[in-house]
Student: 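So that we are looking at the same thing, I have put the structure below in structure tokens.
Every chain is numbered from 1 and lettered A, B, ... according to where its sequence line falls, protein lines coming before strand lines.
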There are 2 protein chains.
Amino acid sequence: MELRTPTKTVLYSIEEAIKSYRRFSQKNISRLIPGITVDQVLILIIISDEKELTQMEIADRVFKDYASITRIINLMVINGYLVKEDHKQDRRRSMLQVTSKGKSVIKTLGPVIEHNRRTALAGLGEEEIMQLYTTLKKITANCSPKD
Amino acid sequence: MELRTPTKTVLYSIEEAIKSYRRFSQKNISRLIPGITVDQVLILIIISDEKELTQMEIADRVFKDYASITRIINLMVINGYLVKEDHKQDRRRSMLQVTSKGKSVIKTLGPVIEHNRRTALAGLGEEEIMQLYTTLKKITANCSPKD
DNA sequence: GACTTTTATTTGATATATCAAAAAAGGCAG
DNA sequence: CTGCCTTTTTTGATATATCAAATAAAAGTC
């Protein structure tokens, strides 16, 4: 019987960890504001912090496909968190504006997100977090096309 | 309260790493056998290793929802990798059998999966992998309902 | 044996992931 | 200006994620 060592399963544990974290976060978010997703809240915060981002830049920030961003943002417009206005310099793009409803979501959920992160990382030392970060970046690099 | 840019937190790098790995793996798999997904291959291998698993047990092994497993397995039956037969003792369940087409997929892709894992972890020391594993397990525990 | 509760799976509705292809505007060479 | 190439976004098709609710069979209770 062969022992399943971390070497064989560590990639599973990455999947496990991120899924646990996402489910945990979504639950806490839904408790306060049902009907919005973790992804939507994060994108809302990103747009609110940097007003001039293109959708492609937003996609890169959250490691999502451009097609996904199109659909997520459309939903956020439909749900009243964002409005799309014409972009003067480049008519392929559009200016994304956070609505007052969107701002209120950020205000309400910002602390929840902070709390989720702190809870997820509870008991981890500063050193340990740095090490985690470093190791994960190596894996990302190993798996990235090096064009 | 100050919301640090989410992209800078370590939890993002977990997401980034696992997505890079999944895309990388899928690309290598599709090169050899187009039309099958990473998830399907892993589930195929799991069923092939342990013949008597219920769908719920399979779901737990790959950290997926039961509903997802139902749909993935249905697709795998449609695509001829699996067959469902009646389970004698419990008629709610069904016996999942890997078809010869499924076995051939495992034979072809097994080495690819091994290669993907080795590539993803290239340059990481044994110690470092253990540490990664330990830290991720802490995060998972922190985010898991402790009923 | 009928009733209730659990367990295993499925379905419905909606969100996100991915790839390929299309659409639409911008930029550039000639 | 015209044709060509690039960039940004969208669409189509399909797979997976998630929660809630529905089925259906097994197990426990009386």
Student: Calculate the interatomic distance between Ile78(B) atom CD1 and dT10(C) atom P; express it in whole Å.
Tutor: 12 Å

Student: Counting side-chain heavy atoms from C-beta on, which of dT18(C), dT18(D), dT16(C) comes nearest to Ile72(A)?
Tutor: dT16(C)

Student: Considering only dT9(D), dC19(D), dT18(C), which nucleotide approaches the side chain of Gln55(A) most closely?
Tutor: dT9(D)

Student: Using the rule given for salt bridge (charged side-chain N to carboxylate O under 4.0 Å, His left out), can you reason through Arg61(B) versus Asp49(B), listing the C-alpha separation, both sets of side-chain angles and the distance that settles it, and then say yes or no?
Tutor: CA-CA 12 Å; Arg61(B) 292 240 190 322; Asp49(B) 283 349; over 6 Å; no

Student: Under 4.0 Å between any heavy atoms, over every strand shown, what does Thr54(B) touch: base, sugar-phosphate, or nothing? Just pick one.
Tutor: sugar-phosphate

Student: Taking everything shown except Lys137(A) itself, do over 12 heavy atoms lie less than 6.0 Å from its NZ?
Tutor: yes

Student: Grab the CG-C1' distance between Leu75(A) and dA17(C) for me, whole Å please.
Tutor: 14 Å

Student: Quick check: any donor-acceptor pair below 3.5 Å linking the side-chain of Arg71(B) to the base of dT18(D)?
Tutor: yes

Student: Over all strands shown, is Lys27(A) touching base, sugar-phosphate only, or nothing at heavy-atom distances under 4.0 angstrom?
Tutor: nothing

Student: Asn79(B) or Arg93(A): which one's nearest nucleotide on DNA chain D is closer to the 5' end?
Tutor: Arg93(A)

Student: Which nucleotide, dT18(D), dT8(D), dT10(C), lies nearest any side-chain atom of Lys84(B)?
Tutor: dT10(C)

Student: Salt bridge check, Lys19(A) against Glu15(A): does any charged N sit closer than 4.0 Å to a carboxylate O?
Tutor: yes

Student: Would Arg93(B) and Asp86(B) satisfy salt bridge (charged side-chain N to carboxylate O under 4.0 Å, His left out), going step by step from the backbone distance to the final call?
Tutor: CA-CA 7 Å; Arg93(B) 303 166 47 179; Asp86(B) 289 347; over 6 Å; no

Student: Take atom CD1 of Ile36(A) and atom C1' of dT18(D), then tell me their distance rounded to the nearest Å.
Tutor: 16 Å

Student: Both Lys88(A) and Gly35(A) contact DNA chain C. Which one's nearest nucleotide lies toward the 5' end?
Tutor: Gly35(A)

Student: Taking atom C1' of dT14(D) as reference, at what distance in whole Å does atom CD of Gln40(B) sit?
Tutor: 11 Å

Student: Do you know which two heavy atoms are closest between Tyr12(A) and Phe63(B), and how far apart they sit?
Tutor: O-CE1, 3.5 Å

Student: Does a salt bridge link Asp65(A) with Arg23(B), judged by any charged N lying under 4.0 Å from a carboxylate O?
Tutor: no

Student: In this structure, how many angstroms lie between the P atom of dG26(C) and the CZ atom of Arg91(A), rounded?
Tutor: 5 Å

Student: OP1 or OP2 of dA17(C) versus the side-chain N and O atoms of Lys64(A): is any pair under 4.0 Å?
Tutor: yes

Student: Under 4.0 Å, counting only non-hydrogen atoms across every strand here, what does Thr37(A) touch: a base, just sugar-phosphate, or nothing?
Tutor: sugar-phosphate

Student: Can you measure Arg22(A) atom CZ to dT18(D) atom P for me and round it to whole angstrom units?
Tutor: 8 Å

Student: Between dC19(C), dT8(D), dA17(D), which nucleotide gets closest to the side-chain atoms of Lys19(A)?
Tutor: dA17(D)

Student: Tell me what Asp65(A) touches on the nucleic acid: a base, only sugar-phosphate, or nothing, going by heavy atoms under 4.0 Å.
Tutor: base

Student: Report the distance from atom CD1 of Ile73(A) to atom P of dT11(D), rounded to the nearest whole Å.
Tutor: 13 Å

Student: Given the structure, check if the side chain of Arg92(A) and the base of dT9(D) hold any donor-acceptor pair shorter than 3.5 Å.
Tutor: no

Student: Using atom CE of Met56(A) as one end and atom P of dT10(D) as the other, report the distance to the nearest whole Å.
Tutor: 12 Å

Student: What nucleotide among dT11(D), dT9(C), dA17(D) has an atom nearest to a side-chain atom of Thr70(A)?
Tutor: dT11(D)

